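Written below as C-alpha cells is the structure these notes are about.
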Amino acid sequence: MLNYADFIKNNKMEHVSLFDESMDINEYDGLIVLPPPNITGNLHIGHALNAFIQDFRVRIEKTKGKNILWIPGTDHSGIATQILVEKSILPLTRMDLGREIFMDKVWEWKEKYQANIYSQLKSLNISLNWNFAKFTMDSDVQSEVYDTFYKLYHADLIYQAKKMLYWDTQLETAVSDLEVKFSTVKGKMFYIKYPLTEECNGQHFITVATTRPETMFGDKAIAVNPSDDRYRDLVGKKVCIPMTNIEIPIITDERCEISKGTGAVKVTPGHDFLDFDIGKDNSLQSVDILDSSGRLSGKFVPKEYVGLSSIDAREKLETDLMNFIDHIEDVEHQVPLGERSGTVLEPKVTMQWFVDTKSMAEKALEALDRMNIFPDYFVKLYKNWMNNIQPWCISRQLWWGHRIPVWYCGDNIIVARSQEEAQQKAIENNLVHYTLKQDEDVLDTWFSSALWPFVTVTTNDLPLNKFYPNEFLVTGHDILFFWVARMVMLGGFVKGGIPFKEVYLHGLVQDDFGKKMSKSKNNVVDPMKIVDEEGSDVLRFALLYHSVPGKNIKFGDKNIEHARHFCIKIWNLYNFIKHNVDGTVYTKVDLSSIEHDWNKWILSELQTCSAEINDCVQNWEIHRASSIIYHFTWDVLCNWYLEGAKFLLKSDFQEETIKTLCVVMKNLATILYPFIPILSSFIHRDLFGKNIDKMEMLLCPDFNYDKILFVKSVIEAVRFCKTVVTFSSIRYSSEKNYQDMYGLIEKISGISVISEHVDGFDYPIHDGFITIVVNEDAIDLLKEKIIKKYSELSEDYKRLLARQNSDEFIQNAPRSVLHDVSNRLIFLENEINKIKKIMKMWDN
RNA sequence: GAGUGUAUAGCUCAGUGGUAGAGCGCUACGUUGACAUCGUAGAGGUCGUAGGUUCAAACCCUAUUGCACUCACCA
C-alpha cells in the first residue's frame with residue numbers, strides 16, 4: 001500500500017483540478033474576488049493564508065450545496081513595480097529609456113511575474129476559476145477606471161488643487177498619508193539666532209529651534225504665541241534670515257506652543273504642514289526651495305547651496321552658520337519615510353488630483369448596517385477613520401499605472417473616458433486648434449483596486465445583479481483603510497449599496513518570534529518550499545489552525561510539524577479502514593441497521609462535530625473549527641472508537657462495523673475537505689470511487705450513552721492503575737452490568753474482565769467498582785493513588801457544598817446552574833462514599 | 001499625544017460569567033496487526049497588578065503596568 005511520503009510525492013506531479021471548468025455560469029450562486037497579489041515577485045506566506053481562508057470558505061459552501069465563483073487576478077501596484085523595474089535596468093534610468101520604452105520593459109516584467117504568481121497560486125491547490133482572471137491594467141478594466149473617474153469628476157467629487165503633501169524625492173512623486181511610515185532617528189536640534197533689524201530692549205536676536213535649518217531659505221516669518229510674555233515686545237519687529245539677509249516679520253499665532261523649543265518658531269510655508277497653515281492665515285508667501293529630487297533651488301537659495309541635498313545643506317550650514325548658532329543639541333526625532341522607497345519625505349506644495357471623500361464616507365458608515373466585519377472590533381477603527389476622512393490624493397508622478405483621464409487643451413481641461421471621447425469633446429467645444437495633451441500623471445494604484453469587486457464582474461460580462469455585492473471579502477487587516485474602505489466608498493458611489501456582504505480580516509504571518517518577515521532579517525518562510533516538501537494540505541492546515549480572526553500568526557516549524565502529523569494521522573486512519581473493509585465498501589448505509597452502541601455513538605459524535613464546525617464557520621472561527629476536527633479525528637475517532645472497532649470487527653458485529661467505518665470515513669472526508677482538500681479528496685475517491693460532493697444528512701439512531709461512559713470509565717481506571725502496578729484481569733461489579741461491552745474493554749485495555757468472584761483490590765469507577773486482581777505488594781501504591789484522588793474530590797466537594805449552602809446563591813443563580821451543582825455534588829458524594837467504603841476495608 | 005488590541009502551563013496559543021484547555025517540550029511506562037510520524041499516564045496555573053460589579057469573574061467595569069498595532073506628531 002502507498003505510504004504517506006509517496007502520496008505527497010505523487011500529488012506534486014499531478015495538478016488537481018478542483019473546480020469543474022465546464023461549469024455553466026448559471027450554476028454559480030455567488031462570487032468572491034481574490035485580493036489581487038502585486039506583480040512584484042513571489043507569493044509570500046501571507047498570500048497563502050489569505051488564499052486558504054477563502055478556499056476554506058468556498059469549499060465549506062460547496063459541501064453545503066452552494067457554488068461560489070472565485071475570480072483571481074493581479075495588481076499592477078504602481079510604485080512598487082516601477083521601483084523594481086527601475087532597479088532592473090540599472091545603470092540606465094527610466095529617463096534614459098523614455099516613457100515608451102520603459103513601459104515596454106514594465107509590461108515584460110508584468111508578463112513574467114504574473115505568470116509566476118499564477119503558477120504559485122495554482123500550486124496551492126485552491127479552487128480559483130482561471131477562466132475569469134483579470135489584471136488591474138487590462139484595457140477593459142481601464143475603461144471602468146476611466147468611467148469611474150469621469151463620474152466622480154462630474155459629480156464634483158474629483159478636483160485639482162495645490163496642496164502640501166509628502167513628496168518622495170527619490171521617486172519624484174507625491175504619496176498619500178497612508179504611504180508614510182515614521183521612523184525614529186538621531187538628529188540635531190539647531191538653536192539659530194535670527195538678528196533683529198533693530199535692537200529691542202537690549203536684545204539683538206530672536207532664537208528659534210529647528211531640526212531642519214536648510215529650510216530657512218524659505219522662511220517667511222518668525223511666529224510666537226500671542227500670550228508669550230518673553231516675546232511680547234518683539235512682535236511686529238523684523239529679523240534677517242542669516243546668510244541671505246532677507247527681512248521677515250515676527251508675527252503671532254495661537255498654534256505656536258510656548259513650551260516647545262524656544263517658543264519662537266520659524267515659519268516656512270513651503271515645507272512644513274503647520275507652517276503652511278500659519279502662512280495661509282497670515283498671508284505669507286509660500287516658496288518652494290526644493291526641486292523635485294529634493295535639491296535646494298530657486299532664487300531664495302544662496303548660490304553655494306543650490307543643487308545640494310537637504311542633508312548636505314544641513315551639514316554645510318552647521319559650519320557656515322557658526323556666528324548665528326546659539327547651540328546644537330543631539331535629539332531623537334521622528335522622520336517621515338516613504339513606505340516603498342525608504343527615503344526621507346519632504347513636505348512640498350504641488351498641484352494634484354483629489355477625491356472629495358466626505359459624502360462617500362458618510363455612505364460607507366451607513367453601509368455598516370448591511371455589511372458585517374469580522375472580527376467586529378475593526379468596526380471601531382473603520383468608523384474612526386471614516387469620521388476623520390481626509391481628501392484622497394489620487395495622482396502620482398509615476399509612469400506605471402492608469403494615466404489620468406484628463407486632457408489639456410490650452411487652458412481648457414477635458415475629462416473623458418477615452419482619447420477618442422476627449423478628441424470628440426475638443427471638436428464640440430471648438431478647441432481643435434490646440435493640441436490635446438493627456439495628463440502626465442497616473443492614478444494611485446488603490447484607485448483601480450477599489451473597483452475590483454465589480455470590475456471583475458462587469459469586464460467578464462457576468463450578471464451584476466447576481467454577483468454584486470460579492471458574497472464576502474477576505475483580506476489582511478493591514479489594508480483595511482488602503483483597500484477595504486475605498487472599495488466600500490467607490491463601490492457605493494459607482495454601483496450603489498455595498499461591495500460585499502461580509503468582510504473577514506485576518507492577521508499577518510510573522511516569524512517564530514513575532515517579528516515581521518523580511519528579506520533583510522532573513523526570516524522569510526517561503527510557502528512554495530513548504531508546498532514542495534510537505535504538500536499544500538500541510539501548509540494549509542498549519543495556517544488555518546492558527547488563524548484567529550484579526551490576529552497575527554507566529555509561524556515556524558512547530559506549526560508545520562503539527563499539521564504534518566495530523567495529515568499522517570488521517571492517512572493512517574484511511575489505511576486502517578481500507579485494510580479492514582477489504583473491498584466491501586458501502587457507499588450508502590441505512591443507519592437504522594446499526595445496532596451496537598459503540599457504532600451508534602461514533603455516528604452521533606460525527607454529527608455533533610459537523611454541527612459544531614458549522615457554527616464556527618458562521619462566525620469565521622476557523623481556528624476553532626480546526627481544533628474541533630482535530631480533536632474529533634485524533635482523540636474521539638482514532639484513540640477511542642477505532643480501538644473498540646478492532647474488537648467489533650472480529651465479532652458478530654463485523655458487518656455493521658464495516659458499514660459504520662465507511663459512513664464515518666465518507667463523512668469525515670467531507671468534513672475534512674475544506675481543511676485538507678487534497679488528502680480528503682483522494683481518500684474519498686479511492687474508497688468510494690467519486691469526488692466529494694454535498695454533505696450527507698445523518699439521522700443517527702438513539703443509543704445508550706451510559707454504556708459508553710461505562711467503557712471509558714473502566715478503561716481509564718485500568719490505565720490509571722496500570723501506571724503503578726501490573727495485573728492482567730479485573731472483575732466488575734455494579735447494579736448496571738453491561739456485559740456486552742466487556743469484549744470492547746478487554747480489547748482496548750488489554751486486560752481481561754472476569755465475572756466470577758475474586759479477591760483483589762477494589763477501585764472506584766464511574767458506576768461501581770472494579771476489583772483488580774493484583775498481589776499484596778502492589779497494594780500500597782494503589783492506596784496512595786486512591787488517597788490522592790480522595791483528597792482532590794473532597795476539596796471539590798467542600799467548595800461546591802459551601803456554594804450550595806449559600807442563601808444568596810440559591811436565590812440568585814439560575815435554575816440550570818443550581819441543577820448542575822446539585823448533580824455534581826451527588827456525583828462527588830457518590831465517588832467519595834465509594835472511596836470511603838474502600839478505605840474502611842483497608843483497616844480490616 | 002489619541003485610539004485599538006493583548007497579558008492564561010517552560011514555549012506557542014485557544015477559552016462562550018458557573019469543574020482551567022490544546023499543541024510542542026518535560027517525566028514515567030509501553031512497539032498488542034492503521035500509525036514510535038505512535039499510544040497511555042503524570043508533573044506543571046493565586047489566568048499581568050490593584051480595586052469594583054455579581055450568589056459566582058480568566059471572562060464584565062475602573063485604574064495601573066508591560067507589549068503590539070493604528071492614527072497624529074520634523075520648532
Side-chain angles (χ1 to χ4, degrees), chain A residues 1 4-5 177-178 182 185 187 189-192 208-212 215 222-223 256-257 260-268 271-275 331 333-336 344-347 375 377-378 380-381 384-385 388 477-478 480-481 507-508 510 512 514 545-546 548 550-559 561-562 564-580 621 623-624 626-627 630-631 635 638-639 642-643 646 715-716 718-724 726 747 749-750 796 799-800 803 806-814 816-818 820-821 824 828:
Chain A
M1 186 177 271
Y4 180 76
D177 297 348
L178 289 175
F182 285 88
V185 297
M189 183 70 77
F190 294 75
Y191 288 81
I192 304 172
V208 300
T210 180
T211 53
R212 304 185 58 207
T215 61
I222 301 289
C256 294
E257 290 178 40
K260 262 191 175 178
T262 62
V265 55
K266 60 196 264 316
V267 181
T268 321
H271 293 285
D272 184 278
F273 287 94
L274 180 63
D275 294 4
V331 288
H333 63 136
Q334 302 271 344
V335 294
V344 177
L345 302 175
E346 300 282 355
Y377 55 77
F378 282 112
K380 285 182 206 160
L381 281 176
N384 187 42
W385 194 74
N388 296 296
H477 65 66
D478 53 329
L480 176 61
F481 304 138
L508 312 178
Q510 304 169 323
D512 238 349
Y545 189 84
H546 293 94
V548 181
K551 284 202 191 170
N552 296 344
I553 301 177
K554 287 197 185 85
F555 195 85
D557 293 343
K558 290 269 169 60
N559 309 45
E561 202 167 302
H562 180 244
R564 187 203 303 133
H565 286 178
F566 185 53
C567 290
I568 292 172
K569 193 72 184 175
I570 291 161
W571 179 262
N572 287 319
L573 165 70
Y574 149 75
N575 263 351
F576 175 84
I577 289 175
K578 185 165 169 131
H579 179 251
N580 280 288
E621 295 169 316
H623 66 298
R624 273 188 67 201
S626 308
S627 295
Y630 182 92
H631 173 250
D635 302 327
C638 291
N639 288 354
L642 240 47
E643 292 307 312
K646 284 174 186 172
I715 290 166
E716 275 165 355
V718 167
R719 284 171 175 168
F720 194 65
C721 296
K722 263 185 159 180
T723 61
V724 286
T726 45
K747 173 69 191 167
S749 64
D796 262 18
R799 206 187 39 194
L800 222 57
R803 190 189 294 179
S806 139
D807 290 341
E808 287 162 317
F809 175 69
I810 294 165
Q811 279 161 26
N812 293 300
S816 66
V817 173
L818 288 172
D820 286 351
V821 167
R824 174 87 186 147
L828 287 173

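Quick note on labels: first sequence line is chain A, next is B, and so on, each numbered from 1. This is a predicted model, so every value here is computed, not measured.
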On a whole-Å scale, what distance lies between the [atom1] atoms belonging to [N] and [M]?
N	M	atom1	value
B/rC60	B/rU53	C1'	8 Å
B/rA20	B/rA58	C1'	9 Å
B/rC47	B/rA41	P	27 Å
B/rA63	B/rC24	P	41 Å
B/rC35	B/rC29	P	23 Å

Just checking [X]: base, sugar-phosphate only, or nothing, at a heavy-atom cut-off of under 4.0 Å?
X	value
A/Phe182	base
A/Leu642	base
A/Thr210	sugar-phosphate
A/Arg564	nothing
A/Cys638	base
A/Arg212	base
A/Leu345	base
A/Lys554	sugar-phosphate
A/Ala813	base
A/Val817	base
A/Gln811	nothing
A/Val821	nothing

Worksheet item: Should the ring pair A/Tyr630 and A/Phe566 be called parallel, tilted or perpendicular, given that the plane angle runs from 0 to 90° and is split at 30 and 60?
Response: tilted
Worksheet item: Is there side-chain contact between A/Trp385 and A/Leu480, with at least one heavy-atom pair below 4.5 Å?
Response: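 No - every pair of side-chain heavy atoms lies 4.5 Å or more apart.
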Discussion item. Looking at the base of B/rC35, is there any donor atom on it, or on the side chain of A/Lys569, that sits under 3.5 Å from an acceptor on the other one?
Written reply: yes
Nearest whole angstrom, please: distance from the [atom2] of [N] to the [atom1] of [X].
X	N	atom1	atom2	result
A/Asn572	B/rA34	CG	C1'	5 Å
A/Glu643	B/rG33	CD	P	11 Å
A/Tyr545	B/rG23	OH	P	7 Å
A/Tyr377	B/rA68	OH	C1'	12 Å

Worksheet entry | Within 6.0 angstrom of A/Asp557 CG, more than 12 heavy atoms from elsewhere | no
Worksheet item: Taking all atoms of both residues into account, what is the closest heavy-atom pair of A/Phe378 and A/Gly550, and its distance?
Response: CE1-CA, 3.9 Å
Response to the item:
Heavy-atom closest pair (A/Tyr545 atom, A/His623 atom, distance to 0.1 Å) is O-CB, 3.5 Å
Item to complete: Report the nucleotide, chosen from B/rU4, B/rC74, B/rG42, that has the shortest atom-to-atom distance to any side-chain atom of A/Phe720.
Response: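 Among B/rU4, B/rC74, B/rG42, the one nearest the side chain of A/Phe720 is B/rG42.
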Practice prompt. Compute whether any side-chain donor of one residue and acceptor of the other, for A/Lys722 and A/Ser749, lie under 3.5 angstrom apart.
Written response: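 No, because no side-chain N or O of A/Lys722 sits under 3.5 Å from a partner of the opposite role on A/Ser749.
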Worksheet entry | Phosphate contact (B/rA14 OP1 or OP2) by A/Lys551 side-chain N/O below 4.0 Å |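 Indeed, a polar side-chain atom of A/Lys551 lies that close.
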Worksheet item: Does A/Asn639 put a side-chain nitrogen or oxygen below 4.0 Å from OP1 or OP2 of B/rU40?
Response: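 For A/Asn639, the contact criterion (side-chain N or O under 4.0 Å from OP1 or OP2 of B/rU40) is met.
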